[in-house]
2 protein chains.
Amino acid sequence: MARLPEYLRALHALADAGHETVSSEGLANSAGVNSAKLRKDLSHLGSYGTRGVGYDVGLLIDQIESVLGLTQCRAVALVGVGNLGHALAGYDGFASRGFRIAALFDADPSRVGEEINGLVVRHVDELPRVAVQESISIGVIATPALAAQGVADQLVAVGVTSILNFAPCVLSVPEGVDVRKVDLAIELQILSFHEHRKASLTALPAAGGSALTALPGGLAVTDNQEAIGT
Amino acid sequence: MARLPEYLRALHALADAGHETVSSEGLANSAGVNSAKLRKDLSHLGSYGTRGVGYDVGLLIDQIESVLGLTQCRAVALVGVGNLGHALAGYDGFASRGFRIAALFDADPSRVGEEINGLVVRHVDELPRVAVQESISIGVIATPALAAQGVADQLVAVGVTSILNFAPCVLSVPEGVDVRKVDLAIELQILSFHEHRKASLTALPAAGGSALTALPGGLAVTDNQEAIGT
DNA sequence: AGGCGCTTGTGAAGAGGTGCACAAATCGCG
DNA sequence: CGCGATTTGTGCACCTCTTCACAAGCGCCT
């Protein structure tokens, strides 16, 4: 389930605040989901809450981390040390949640040798040797779109089976390899769509327009993320 | 639909490659989706393809950009010029797709005045004045989690109704305000889960274990993103 | 020890997305 | 002008996810 990390984050926040137990309602509010959904999610991983009390925060954290495979610190290879890659290399949100950026790569010789956050940028040709040496388990692609597929192929060749792709393109990978894509421009475009839709709706208070005009407000608004009302 | 931006990206790539028309199958491959799904999506926005030929690339680009509200260049305010914010400010993927980063803000006085990519970092207190002046329509939050809610409140107060949140926390906003969240660590955690699942599956070729043990492979793997096989 | 209030876990209904398969429509060619 | 190849648009069935509502269970207070 893709919501488990969100629960985990909320649980850590509650633990820091000193809470020992949480009700499904409280945790659901912290994570921004429905309480029934949260209970069903947690029941799916066999978690034991106590009726009448709630869930033990510490125990639940251990459970979820175990399911997510976060008990071991995973080594991440980052390919592409451009604008975005540079920021990712220095992003402390990774280390604080159990991920270690173990190696940086770039194809541009002028960038090789640069030191970022204590790590030296290596040439991408060294990927096979370093990947084995550092036992890389996840690859992050922050290259331009044109280079992304080639990098993905190289990562797959050295045995990486999980890839996080920031390049705006679709990657072809063999079965068994998981790819997640994050495209920052797409996120903005989705917001732009919502802006456009809201503007059209307010401009037409009692939309009696003909069905011929394809109004932005007329199509389904399903984008897998919802705003949380106060 | 959240898939429209992906179609748009694929269409731009096809247009650059010189294609005048595309079949739903071809475009679906480029965007990494099923062809039937793509046809249904396009039909929902009243788009006119020609049977026997396909879709006109240029026309479809105009249609989708119109629906997404990309005909006007939207001004974006970026709050939080830390590691990530710095990269976002310099990310050329925004400008190339119709978004203009119009203002940078930070709460840290030592960062105020710094120039990034031709823009001067302003103090967050100047947000109200600048937001109106630049007619900001989208706010991007790249602050630490603790500051995010406050920034969101400020953005809402100045009339911003679309927020892209990179801080690892849930934002409370009034109805009518759209929030999209991007949490880079969560993406890695989902990949970690897949790694863990794959490792468990290969370790147990014919999983005959008792149902009591909550195997990672036993729970539903639905994370709204799928790998595309070759 | 017993009852009461609170919370979990889950069955069932509802909603929505997905993909197949096929009819309708268009173009090119003889 | 007509036919076949090709491609769009869509009805239908399936399946998953979501949400409500409620029974079962646990702790606390008397």
Side-chain angles (χ1 to χ4, degrees), chain A residues 1-4 6-7 10-11 14 19-60 63-64 67 190 211-212 214 218-229, chain B residues 1-4 6-7 10-11 14 19-60 63-64 67 190 211-212 214 218-229:
Chain A
M1 293 278 185
R3 287 185 294 268
L4 287 181
E6 191 69 39
Y7 301 158
L11 284 167
L14 288 167
H19 291 72
E20 298 256 332
T21 60
V22 224
S23 68
S24 65
E25 190 104 7
L27 183 55
N29 283 349
S30 294
V33 299
N34 187 292
S35 67
K37 198 193 301 190
L38 183 135
R39 285 200 299 275
K40 191 151 288 192
D41 286 346
L42 294 186
S43 74
H44 279 339
L45 44 94
S47 167
Y48 288 4
T50 359
R51 305 185 181 207
V53 178
Y55 297 91
D56 183 287
V57 174
L59 183 67
L60 200 51
Q63 287 263 353
I64 293 181
V67 170
I190 294 173
L212 290 174
L219 52 84
V221 186
T222 54
D223 53 9
N224 294 329
Q225 288 199 1
E226 64 265 70
I228 292 64
Chain B
M1 293 281 183
R3 286 186 293 269
L4 288 179
E6 190 69 38
Y7 301 159
L11 283 166
L14 288 167
H19 291 72
E20 298 256 332
T21 61
V22 225
S23 68
S24 65
E25 189 104 7
L27 183 54
N29 283 349
S30 294
V33 299
N34 186 292
S35 67
K37 197 192 302 189
L38 182 135
R39 286 200 299 275
K40 192 155 290 189
D41 286 347
L42 293 185
S43 74
H44 278 339
L45 44 93
S47 167
Y48 288 4
T50 24
R51 306 186 182 206
V53 177
Y55 298 92
D56 182 289
V57 174
L59 184 67
L60 200 50
Q63 286 265 353
I64 294 181
V67 170
I190 293 173
L212 291 174
L219 51 83
V221 186
T222 53
D223 52 9
N224 294 330
Q225 288 200 2
E226 64 266 66
I228 294 49

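Naming convention: chains lettered A, B, ... in sequence-line order (proteins, then strands); numbering from 1 in each chain.
Distances shown here put a side-chain N or O of B/S24 below 4.0 Å from the OP1 or OP2 atom of D/dT8. Side-chain N/O atoms of B/R3 include one lying less than 4.0 angstrom from OP1 or OP2 on C/dT18. Taking 4.0 angstrom as the limit, B/Y48 places none of its side-chain polar atoms (N or O) nearer than this to OP1 or OP2 of C/dT26. For the OP1/OP2 pair of C/dG17 and a distance below 4.0 Å, the side-chain nitrogens and oxygens of B/K37 include no atom meeting the criterion.
If you take CD of A/E25 and C1' of D/dT19, they are 13 Å apart, rounded to a whole angstrom. The separation between B/L27 atom CG and D/dT7 atom C1' is 14 Å, rounded to whole Å. Atom CG in A/L45 sits about 14 Å away from atom P in C/dT8, given to the nearest Å. Rounding to whole angstrom units, CG of residue A/L38 and C1' of D/dT19 are separated by 14 Å. Computed from coordinates, the A/H44 NE2 to D/dT18 C1' distance equals 11 Å when rounded to whole Å. Remark: P of C/dA12 and CZ of A/R39 are 17 Å apart, rounded to the nearest angstrom. In this structure, A/Y55 places its OH atom 9 Å from C1' of C/dT7, rounding to the nearest Å. Between B/Y7 atom OH and D/dT8 atom C1' there is a gap of 15 Å when expressed in whole angstrom units.
When each of A/D41 and B/G52 is assigned the nucleotide of DNA chain D with its nearest heavy atom, B/G52 is the one assigned upstream, toward the 5' end.
Set against C/dT18, C/dC27, C/dG9, the side chain of B/V53 has C/dC27 as its closest nucleotide. Counting only heavy atoms from C-beta on, B/S23 has its side chain closest to D/dT8 among C/dG9, C/dA21, D/dT8. Set against C/dT18, D/dC26, D/dC20, the side chain of B/K40 has C/dT18 as its closest nucleotide. Of the candidates C/dT8, C/dG19, D/dT8, C/dG19 carries the atom nearest the B/N34 side chain, counting heavy atoms from C-beta on. When the nucleotides C/dT26, C/dT7, D/dT19 are ranked by their closest atom to the side chain of B/R51, C/dT26 comes out on top.
Considering CG of A/L60 and OH of A/Y7, their distance stands at 10.5 Å, rounded to 0.5 Å.
Contact detail for A/A31 and A/E6: the closest heavy-atom pair is O-CG, 3.7 Å. In terms of heavy atoms, B/Y55 sits closest to B/G49 at CD2-CA, 3.6 Å. Residues A/L45 and A/Q63 come closest through the heavy atom pair O-OE1, 4.1 Å.
Considering B/L59, B/L11, B/D41 as possible partners of B/I64, the one that fulfils the side-chain contact (heavy atoms from CB on, under 4.5 Å) test is B/L11.
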